[in-house]
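Worksheet for the structure shown next.
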Amino acid sequence: MIFKQEFLDKLKSAKRLVFFTGAGISAESGIATFRGKDGIWNKMKPEELANFNAFMQNPDLVWEWYQHRREIVHKTEPNPGHFAIAGLEKYYDVTVVTQNIDNLHRRAGSKKIYELHGNIERNFCVECKQYYDLSDLDKTEGVPHCKKCGGLIRPDVVWFGEFLPQEELNGGETSAKQSDICFVAGTSAVVYPAAYIPMNAKRAGSYIVEINIEPTDLTNYADYSIFGKSGEIIPLILKEAEKLKSS
Ligand code: BJW
Ligand code: ZN
């Protein structure tokens with residue numbers, strides 16, 4: 001792969017990198033994306049499962065859906081894309097701003113991570129807000145109940161119509177605005193307010209590099225679009241950085 005010279009120049013002078021990531025970065029680990037031809041939501045309507053009303057109407061079904069996805073996440077490993085992002089920390093101040101709930105960036109060794117849509121390992125009581133790690137919960141059939149107040153326990157993820165965690169959103173947005181290069185990897189960039197982050201980064205002067213297997217809503221906005229699998233492209237970027245930063 002030959003990268004555009006303008007991008008290589010940016011990579012040489014850059015100090016701060018942001019990786020704004022979505023489901024596509026975990027696709028090569030075996031986790032299905034939401035949209036696109038193999039997306040889980042071609043088979044299941046998101047509004048039926050990923051919103052609070054759906055949970056209250058059918059908590060067992062929604063809980064079982066998350067349990068199923070947890071099993072998949074526990075069986076998978078970070079892929080070369082996740083590891084290369086962590087590897088770039090040797091040369092840059094790297095911040096990951098992820099829409100993913102799967103923990104794979106952390107497991108790959110990235111240190112500074114903002115999770116915009118929560119984390120599938122955490123849960124909380126809808127009544128008293130008590131937090132529960134998965135290990136704190138007895139394995140039950142269907143949705144577990146709070147040990148303090150008996151309320152329903154839900155995954156700590158952000159559903160449609162819910163606010164994003166303010167500190168994560170602010171932290172992610174600020175890092176992206178301050179970055180020299182903002183990579184946008186494996187996201188369709190259609191879910192807001194997360195999708196505003198790379199746009200605001202560009203307005204603040206960052207150089208936007210998209211990595212995706214196909215064009216997205218962001219492609220016209222990006223300074224450079226690299227079409228290919230993130231698990232193949234990002235390791236090549238790490239190799240370039242190694243050369244540039246040691247020369
Ligand atoms: C590869 C690859 C490989 C594959 N290599 N690439 C402004 C305008 C319009 C609508 C709104 C707006 N503001 C708010 C809204 C409403 C709504 C929204 O955005 N709707 C749009 C869909 C139209 N937003 C919200 O409701 C948000 N909350 C909110 O706004 O609060 C304020 C409010 C409060 C009260 C009332 C009203 C408003 C919350 C959004 C929460 C999103 N939650 C989910 C579920 C999380 C939990 C779970 O996982 O179950 O988050 S939805 C789902 O989409 C998930 C993802 O994080 C998110 C983004 O998806 P992502 O990551 O981009 O995945 P895909 O599948 O879409 O794309 C994968 C990409 O990878 C593709 O492009 C592939 O090509 C690519 N790919 N393999 C590289 N190997
Ligand atoms: Zn409770």
Side-chain angles (χ1 to χ4, degrees), residues 19-42 44-55 62-63 65-70 72-73 79-82 84 97-103 115-120 122-132 136-137 144-166 168-169 183-199 210-219 225-235:
F19 279 83
F20 177 76
T21 64
I25 197 145
S26 298
E28 288 155 81
S29 294
I31 300 177
T33 60
F34 295 94
R35 301 167 190 87
K37 62 179 166 50
D38 299 322
I40 41 177
W41 287 356
N42 286 340
M44 251 174 253
K45 286 206 179 100
E47 58 273 21
E48 281 171 16
L49 293 172
N51 74 72
F52 185 70
N53 287 343
F55 177 70
V62 175
W63 183 260
W65 185 49
Y66 281 95
Q67 283 294 74
H68 170 67
R69 290 173 58 200
R70 282 183 187 115
I72 294 171
V73 164
N79 67 56
H82 297 105
V97 183
T98 188
Q99 298 166 88
N100 297 347
I101 61 173
D102 60 24
N103 251 332
E115 291 175 323
L116 301 175
H117 292 160
N119 189 305
I120 200 165
R122 293 192 308 259
N123 305 276
F124 67 93
C125 168
V126 298
E127 302 293 340
C128 73
K129 315 297 175 207
Q130 171 72 40
Y131 271 87
Y132 289 93
D136 300 331
L137 298 173
H145 289 259
C146 178
K147 290 174 186 162
K148 277 167 85 179
C149 79
L152 292 172
I153 292 174
R154 60 166 281 182
D156 185 16
V157 299
V158 181
W159 285 327
F160 284 109
E162 295 185 326
F163 291 104
L164 276 62
Q166 200 61 46
E168 305 287 311
L169 183 60
F183 292 92
V184 181
T187 175
S188 56
V190 295
V191 173
Y192 290 87
Y196 286 127
I197 288 181
M199 293 180 179
E210 178 178 49
I211 301 164
N212 202 301
I213 51 172
E214 60 186 26
T216 70
D217 281 20
L218 198 91
T219 303
S225 289
I226 306 171
F227 295 112
K229 292 184 175 180
S230 48
E232 293 170 6
I233 304 291
I234 304 172

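Both backbone and side-chain heavy atoms feed into the values below; hydrogens, waters and symmetry mates do not. Atoms within a ligand are numbered from 1 in the order they appear, just like the ligands themselves.
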Quiz item: Would you say N100 has any N or O atom under 3.5 Å from an N or O of ligand 1, going by distance alone?
Solution: no
Quiz item: Counting heavy atoms only, which of T33, T216, N212 is nearest atom 74 (C) of ligand 1?
Solution: N212
Quiz prompt | Region of Y66 that comes within reach of ligand 1 [heavy atoms, distance under 4.0 Å] | solution = side chain
Quiz item: What atoms in ligand 1 come closer than 4.0 Å to a heavy atom of A27?
Solution: 78 (N)
Practice problem: Give a yes or no answer on whether the side chain of N100 reaches the backbone of A23 with a donor-acceptor pair at less than 3.5 Å. | Solution: yes
Practice problem: Would you check if the side chain of E28 reaches a backbone N or O of G231 as a donor-acceptor pair within less than 3.5 Å? | Solution: yes
Quiz item: At a 4.0 Å threshold, what atoms of ligand 1 neighbour a non-hydrogen atom of T187?
Solution: 61 (P), 63 (O), 70 (C), 71 (O), 73 (O)
Quiz item: Which ligand 1 atoms, with their elements, are less than 4.0 angstrom from a heavy-atom of V157?
Solution: 47 (C)
Exercise. Give the numbers and elements of all ligand 1 atoms closer than 4.0 Å to a heavy atom of P193.
Key: 30 (O)
Quiz item: Which atoms of ligand 1 have any heavy atom of E28 under 4.0 Å away?
Solution: 3 (C), 5 (N), 80 (N)
Exercise. Without swapping roles, check the side chain of K147 against the backbone of D136 for a donor-acceptor pair under 3.5 Å.
Key: yes
Quiz item: Any donor and acceptor pair, going by atom type alone, linking the side chain of N79 with main-chain N or O of G81 inside 3.5 Å?
Solution: yes
Quiz item: At a non-hydrogen distance cut-off of under 4.0 Å, which region of E162 contacts ligand 1 (side chain, backbone, both, or neither)?
Solution: backbone
Quiz item: Taking heavy atoms and a distance under 4.0 Å, where does V190 meet ligand 1: side chain, backbone, both or neither?
Solution: backbone
Quiz item: Which atoms of ligand 1 have any heavy atom of G161 under 4.0 Å away?
Solution: 25 (C), 26 (O), 33 (C), 34 (C), 35 (C), 36 (C)
Quiz item: Salt bridge between R154 and E127, side-chain N to carboxylate O under 4.0 Å?
Solution: no
Quiz item: Can the positive tip of R69 be found less than 6.0 Å from the middle of the six-membered ring of W63, inside 45° of the ring normal?
Solution: no
Quiz prompt | Pairing residues for Y196 by the ring-ring contact (aromatic ring centres under 6.0 Å, His included) criterion, not counting sequence neighbours | solution = Y192
Quiz item: Is H117 in polar range of ligand 1, meaning some N or O pair under 3.5 Å apart?
Solution: yes
Quiz item: Do the side chains of D217 and S188 get nearer than 4.5 Å, heavy atoms only?
Solution: no
Quiz item: Do the side chains of Q130 and F124 get nearer than 4.5 Å, heavy atoms only?
Solution: no
Quiz item: Going by the angle between their ring planes, with limits at 30° and 60°, are Y66 and W159 parallel, tilted or perpendicular?
Solution: tilted
Quiz item: Which is closest to atom 71 (O) of ligand 1 in terms of heavy atoms, A185, A194, P215, G186?
Solution: G186
Practice problem: Check whether any side-chain heavy atom of L218 sits under 4.5 Å from a side-chain heavy atom of F20, and report yes or no. | Solution: no
Exercise. Number the atoms of ligand 1 from 1 as they appear, then name those within less than 4.0 Å of a heavy atom of G22, with their elements.
Key: 62 (O)
Practice problem: Determine the minimum heavy-atom distance between V184 and P198, stating which atoms define it. | Solution: CG2-CB, 3.7 Å
Exercise. Ignoring hydrogens and angles, tell me if any N or O in the side chain of N212 forms a donor-acceptor pair with the backbone of T187 under 3.5 Å.
Key: yes
Self-check item: R35 and ligand 1 - part of the residue with a heavy-atom distance under 4.0 Å
Solution: both
Quiz item: Can you list the steps and then say if R35 with E214 is a salt bridge (charged side-chain N to carboxylate O under 4.0 Å, His left out)?
Solution: CA-CA 12 Å; R35 301 167 190 87; E214 60 186 26; over 6 Å; no
Quiz prompt | Neighbouring protein N, O or S atoms of the Zn ion (ligand 2) [cut-off: under 2.8 Å, no waters] | solution = C125 SG, C128 SG, C146 SG, C149 SG
Quiz item: Out of F160, Y196, F227, Y192, whose heavy atom is nearest to atom 12 (C) of ligand 1?
Solution: Y192
Quiz prompt | Atoms in ligand 1 flagged as close to A23, the criterion being non-hydrogen separation under 4.0 Å | solution = 61 (P), 62 (O), 64 (O)
